[in-house]
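Report on the structure given below.
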Number of protein chains: 2
Amino acid sequence: MTVSGRRGRRPTLEQVAAYAGVGRGTVSRVINGAANVSDQTRTAVQRAIAELGYVPNRAARALAAGSTDAIALVIPEAETRLFAEPYFSGIIRGVSAELADTDMQLLLTLIRNLKERDRFAQYVTAHRVDGVLLLSVHADDPLPDLLQEIGMPAVLSGRRGGEEPVPYVDCDNTGGAQAAVEHLIGRGRRSVATITGPPDMYVARCRLQGYREAVRAAGLAEDDGLVAEGDFTEEGGRRAMRELLAARPELDAVFCASDVMAAGARAVLREAGRRVPDDVALVGFDDSAVARHMDPPLTSVRQPIEEMGRAMVRVLLEEIAGRKEGRDGRSNRVLATELVRRSSS
Amino acid sequence: MTVSGRRGRRPTLEQVAAYAGVGRGTVSRVINGAANVSDQTRTAVQRAIAELGYVPNRAARALAAGSTDAIALVIPEAETRLFAEPYFSGIIRGVSAELADTDMQLLLTLIRNLKERDRFAQYVTAHRVDGVLLLSVHADDPLPDLLQEIGMPAVLSGRRGGEEPVPYVDCDNTGGAQAAVEHLIGRGRRSVATITGPPDMYVARCRLQGYREAVRAAGLAEDDGLVAEGDFTEEGGRRAMRELLAARPELDAVFCASDVMAAGARAVLREAGRRVPDDVALVGFDDSAVARHMDPPLTSVRQPIEEMGRAMVRVLLEEIAGRKEGRDGRSNRVLATELVRRSSS
DNA sequence: AGGTCATTTGGGAGCGCTCCCAGACGTGAT
DNA sequence: ATCACGTCTGGGAGCGCTCCCAAATGACCT
């Protein structure tokens, strides 16, 4: 063995220093990109690192520096089912991509009950991550406030309401819904109904508002008989569609606040003998696999999910960096949606 | 005494010891459940921990003990699209559930290119996790062998071939396919075709084998004209279905090695004027959202995905514990599948 | 010549744990 | 009383880093 004291273990910073003929501090400076190191020394250290195959020990670094180089992605368990596809994996993909050239680690935490939430709360209170990404929290979730309180950098995906104690990244739900309904109206539909999400969800209210604005802007009558409440499930979509058909048999288009509800609605329309899109045009929201595989394929509003994941990381990293430097940069981000036209409308 | 005071910071083990009037070692023993601590002392320490709200510092523990209390879940990027639903989220759910009462952390790593794979290789070589869960590796992936080489505990989901250098958890693909085809034959179908996955994938070969065994067992003719090669995509399913229809127009059932291919097949059948299930019965594999939302809903073979995630963790933890104690317990696990009957067959 | 200042460097002092050894304190046998 | 042998317990010695202070160096001034 060319290096003394190496015997099988991973080389330490100390050994790199010895090998390069410099002090520990200098090696540390090179690794962390500190400015005041002469080029000559830097090169020597870098060669030593390469030759020894040195990789810093994360635990030691975390202990000494008091930071963990890790962020947590927190997902309420329910969401992994509801948003299974493509939301969940899309966000993860974006987050991971944006993290790839950082050397931050991604910790995944599913929270399926109160006990686990408390455990996670304790976890972050103990500062075992540098920041937290919170996926689709519910309106009554105390986590955002807790994080705000203990000064843990955090970013939300979506909003629970208009304002939030921590930064959020969201897509333009109102605008997306509006575009969808404008599209329907633009295709000559005159009696456009909507199936909404549960009204206690902000995202559902936004999509409903988008619908209303489009209807109003087109000068069509605002008719509550054309609005039915769903719950983002297929069964809810069925129920709502039956209500609509009963109340306004003459309707010629339906904007559904989710693809899954659109699938339910489509089934009811089929039973009722209405053809899609000939008799009734259908538009969904989410652009999920369900939309692509429906018959006919469903026009749907696509959220830039992967990009949202990336944006969340960017905002969080800014937040973490800002926190360190004492400044306080709250920056939200709202991304645009896109209407994907298929043959259902 | 620099110990008392420290306002604002998290309490340390040292402070707990002082508060309880014992030594550091004793507190450590209580926390780690070492046997030789008197009940009285244990109680006192536990009270001190509770009263101070002490949470061990993971970095310090990892540094001192040389283990990280974290495992990595590694997913090749391509898979996050292909298996997006429900495989990906199902595994995560199972893994997370099984990990919940451990205090292991779950590190998520997507690998989207060679550079990232090398980085991850370096990462595990530096022993920054205690174990690795590898999702659906490709046949030419060197990661399993690398992990084996450096002695890092690892578990695969699925197999690349018959044997593996590291333990795996898989579902009974052959049995599932067999059950699906038996089901078709049991419903009176006599000309059962199959659309396979790419033959270089072990899972595809298994499902094909299951098909063959069922056909043979039923005493039906083994006819290569009834076997068409797909690639697990919808378009591949379409192409294969057209081939089958051209070669054996009289077929009355098709077993597809994936739901997505079944969706493609279904579209072609519709164009060809064949009714499902009246003229042609259809069965898929995966029991994905696509299956539930097809028209008619698709009979499909369900894999116990969440349970597979749990099993992977159990095997990995055993592996890690075994490694520590010097024993070498290679234990694979193959879980049963279940046929979910819907109206397509 | 001496003084000042910026730049670069070495290494001590921890960070909060676990590991392990030696000591304290029983208990029972001699 | 002495010894042996068990069970508990305290605390020293690290783990591999970062932080920071002081020292060395050299450039430039007075």
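Below, chain A is the first sequence line, B the second, and so on; all start at residue 1.
Rounded to whole angstrom, the span from the CG atom of B:Asn57 across to the C1' atom of D:dG16 amounts to 14 Å. In this structure, A:Gln15 atom CD and D:dC17 atom P are separated by 9 Å, rounded to whole Å. Between B:Asp69 atom CG and C:dG16 atom P there is a gap of 18 Å when expressed in whole angstrom units. In this structure, B:Arg58 places its CZ atom 17 Å from C1' of C:dC15, rounding to the nearest Å. Taking atom CD1 of A:Ile31 as the reference point, atom P of D:dT18 lies 6 Å away to the nearest angstrom. The CD1 atom of A:Ile49 sits 13 Å away from the C1' atom of D:dC17 (whole-angstrom rounding). The distance from atom CG of B:Leu63 to atom P of C:dC15 is 14 Å, rounded to the nearest whole Å. Here the C1' atom of nucleotide C:dT9 and the CG atom of A:Asp39 are 15 Å apart, to the nearest Å.
Side-chain atoms of B:Asp141 come within 3.5 Å of backbone N or O of B:Leu143 as a donor-acceptor pair. In terms of modelled atom types and a separation under 3.5 Å, the side chain of A:Arg10 and the main chain of A:Gly53 share a donor-acceptor contact. A side-chain donor-acceptor contact under 3.5 Å links B:Asn113 to the backbone of B:Lys115.
Across the interface with DNA chain D, nearest-nucleotide mapping of A:Ala65 and B:Ala64 shows B:Ala64 to be the residue nearer the 5′ end.
Here the options are B:Pro144, B:Pro167, B:Pro165, the test is side-chain contact (heavy atoms from CB on, under 4.5 Å), and the partner is B:Leu156; only B:Pro144 passes.
Smallest separation of non-hydrogen atoms from A:Val124 and A:Met152: O-CE, 3.5 Å.
Side-chain contact between A:Asp130 and A:Pro153: absent, with no pair of heavy atoms (C-beta onward) separated by less than 4.5 Å. Annotation: side chain of B:Thr125 is not in contact with side chain of A:Val55 (no heavy-atom distance under 4.5 Å).
Between A:Ser28 and D:dC17 there is no side-chain polar atom (N or O) within less than 4.0 angstrom of OP1 or OP2. Residue B:Asn32 has a polar side-chain atom (N or O) positioned under 4.0 Å from OP1 or OP2 of C:dT18.
Between its two ends, the helix from C:dA1-D:dT30 to C:dT30-D:dA1 turns its axis by 60°, counting five pairs per end and rounding to 10 degrees.
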With the sugar-phosphate defined as primed atoms, P, OP1 and OP2, and the base as all remaining atoms, what B/S/- string results for nucleotides 5-11 of chain D, 5' to 3', for protein heavy atoms under 4.0 Å? ---SBBB
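In this model, a donor atom of one side chain and an acceptor atom of the other lie less than 3.5 Å apart for B:Tyr87 and B:Ser157.
Comparing D:dC17, C:dC17, C:dG16 by their nearest atom to the side chain of A:Leu13 picks out D:dC17.
The pair B:Arg112-A:Glu306 fails the salt-bridge criterion, with no side-chain N (NZ, NE, NH1 or NH2) lying under 4.0 Å from an Asp/Glu carboxylate O.
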